[in-house]
Every structure is written in structure tokens, then in C-alpha cells.
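One-based numbering, in listed order, for ligands and for the atoms of each. Just so we're clear, the structure is a prediction, and the values are computed from it rather than from any experiment.
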Amino acid sequence: TGSTRAERLLKAVQKNARRGDPQSVISAIDHYCRHSEWAMNVGDEKGSILDSVLSEVSPSCALELGTYCGYSTVRIARLLPPGATFVTVEFNPKYAKVARQVIEFAGLQDKVKLIEGASGDLIPKMKELFGNVTFDFVFLDHWKDRYVLDTKLLEDCGLLRKGSVLLADNVICPGTPEYLAYVRNNPRYKSTYYKSHLEYTKVEDGLEKSVFMG
Ligand SMILES: CNc1ncnc2c1ncn2[C@@H]1O[C@H](/C=C/CNC(=O)c2cc(-c3ccc(F)cc3)cc(O)c2O)[C@@H](O)[C@H]1O
Ligand SMILES: [Mg+2]
């Protein structure tokens, strides 16, 4: 059978990027998705906002929900301080396989712990897996109708601390209305909307940054 979109994206990285150079991997994916085949990476425009929020937070413990092909994983891992713990969660083995190769091509495999499984199952296991951790930064980019459930799960499992930053992709397109309602009407969060565009298009989309107040 033919290749999948994810496999074609990986081939574009192997062909056009330079081993061990995260920026070249990011640029190769953005070029491929802008000019050849769209894919649901956070992209360059929202990616720059992700970069700036990350630089502000400088997390020593970060979590990503929804690895997909590893584009945002590379964006995040390349900016983490040395010794930081970074966990990314992906339940589709085909995507996880592609993501591992993209992360490795970027030379960031030692900074990333990619765990295969569902967020709903893995979040309650994080303390067991990584010791009594709390996440300084969480990037939500998985199924849009699971953002609220998983945020509540992170709270209930004691994985957030005063000042933890949640950054959610696609709050406009495809949209996460119940998540926006949850974080914007909740005294335990201070939320900010960063207006942008859907990756590689002119359609409006944005990121919501929500600081947990404990
Ligand atoms: C629910 N728990 C989960 N646990 C672990 N991994 C999970 C997961 N849910 C989903 N995943 C994985 O995350 C990824 C899913 C991401 C869902 N993202 C989107 O649907 C999405 C969709 C669009 C999009 C926007 C406009 C449009 F016309 C078509 C698509 C844009 C985006 O930026 C998106 O992030 C996959 O790799 C999936 O296997
Ligand atoms: Mg997204």
C-alpha cells in the first residue's frame, strides 16, 4: 500500500533537513506542509508564539498531549534548559513511529520521553513513572474534545502547581469551545488569547495560555 501523510512528511525531513539540526527539521516540515501537503502541525506562525511562551516559562518539567509527527515536540525540546524532563504522549503507534524518527533526526531523542498510550490512562500514571512531578508547562494539541477532561485530570492528579502554564492549540479552528469556557470562567486560571492563523493558511486560529493559580 502507499505511504501515509505522516510517512511522506518524514521523508521530506530525511531529504531536506540536516541531521542534528532542529531548526532545519522545523523548516523542512513547514516548507513541505505549506507547498506540498498540509498537515496538522502547530506550524511556523503559532510555533513562534509557542517559542516565546516557552522562553518565558523555561520549564524544567514539560508535557505535550498529542505528539503526532513530532513537529511541536522538536520545537519544544530545542528550547528546554539542560536536564529538563519533557514527556510527550501519543496513542497512535504509526504516528509515534514517525515522531520518534523525526525527533531522532533532530538529535533531540535524549531530551524527549515519548510515551505511547492514551492521555486519560497515562496522566494518572505520571507520578508513578516520573516521581512526584508537577508540570511547569503543558502543550495541549490532541483531540479537541478531550482538552477539558485532561485538564481536570491533571488538576486532580496533583500534576499542576501554582504558576503552571497550559498552552492550548486550535482554540478557534477546529475550536475548543468548552475548554475556553472552562479556563476563562474559572478563578483558578488566568487566561490570555494569542490570535494567529491555522497552520499554513489564512484562516483565524489561536493559542490560549492559561496560568494555574493553585
Ligand atoms: C485523547 N487522548 C489522546 N492520547 C494520546 N494521543 C492522542 C489523544 N488524542 C489524540 N491523540 C493523538 O494526537 C494527535 C491528534 C491531534 C488532533 N488535532 C487536530 O485534530 C487538529 C486539526 C486541525 C485542523 C484544522 C482545520 C481543518 F480543516 C482540519 C484539521 C488543526 C490542528 O492544529 C489540529 O491539532 C494524533 O497524533 C492522535 O493520535
Ligand atoms: Mg493543533
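Not close to ligand 1: Gly43, with no non-hydrogen atom less than 4.0 angstrom away.
Listed by atom number, the atoms of ligand 1 under 4.0 Å from Val89 heavy atoms are 5 (C), 6 (N). Residue contact check: Asp169 has heavy atoms under 4.0 Å from atoms 33 (O) of ligand 1. Within the listing of ligand 1, atoms 1 (C) sit less than 4.0 angstrom from a heavy atom of Arg146. Remark: ligand 1 atoms within the under-4.0 Å shell around heavy atoms of Glu199 are 31 (C), 32 (C), 33 (O). Against a heavy-atom cut-off of under 4.0 Å, Asp141 is close to the following atoms of ligand 1: 16 (C), 17 (C), 18 (N), 35 (O). Applying the 4.0 Å criterion to heavy atoms of Leu198 picks out, from ligand 1, the atoms 25 (C), 26 (C), 31 (C). Atoms of ligand 1 found under 4.0 Å from any heavy atom of Ser119, numbered from 1 in the order shown, are 1 (C), 2 (N), 3 (C), 4 (N), 5 (C). Within the listing of ligand 1, atoms 37 (O) sit less than 4.0 angstrom from a heavy atom of Tyr68.
Of all N, O or S atoms in Asp141, the one lying closest to the Mg ion (ligand 2) is OD1. Distances from the Mg ion (ligand 2) to the N/O/S atoms of Asp169 are shortest for OD2.
Of the candidates Glu116, His142, Glu90, Glu90 brings a heavy atom nearest to atom 12 (C) of ligand 1. Between Gly66, Pro174, Gly117, Gly120, it is Gly117 that holds the heavy atom closest to atom 5 (C) of ligand 1. Distances from atom 34 (C) of ligand 1 to the heavy atoms of Asn170, Thr88, Asp121 put Asn170 nearest. Checking Trp143, Tyr200, Phe91 against atom 7 (C) of ligand 1, the nearest heavy atom belongs to Phe91.
The Mg ion (ligand 2) does not have Asn41 among its coordinating residues (no N/O/S atom, backbone or side chain, under 2.8 Å). Using a cut-off of 2.8 Å, one finds that Glu199 contributes no N/O/S atom close to the Mg ion (ligand 2).
Distances between N or O atoms of Trp38 and those of ligand 1 include no value under 3.5 Å. Considering backbone and side-chain atoms together, Lys144 places an N or O closer than 3.5 Å to an N or O of ligand 1.
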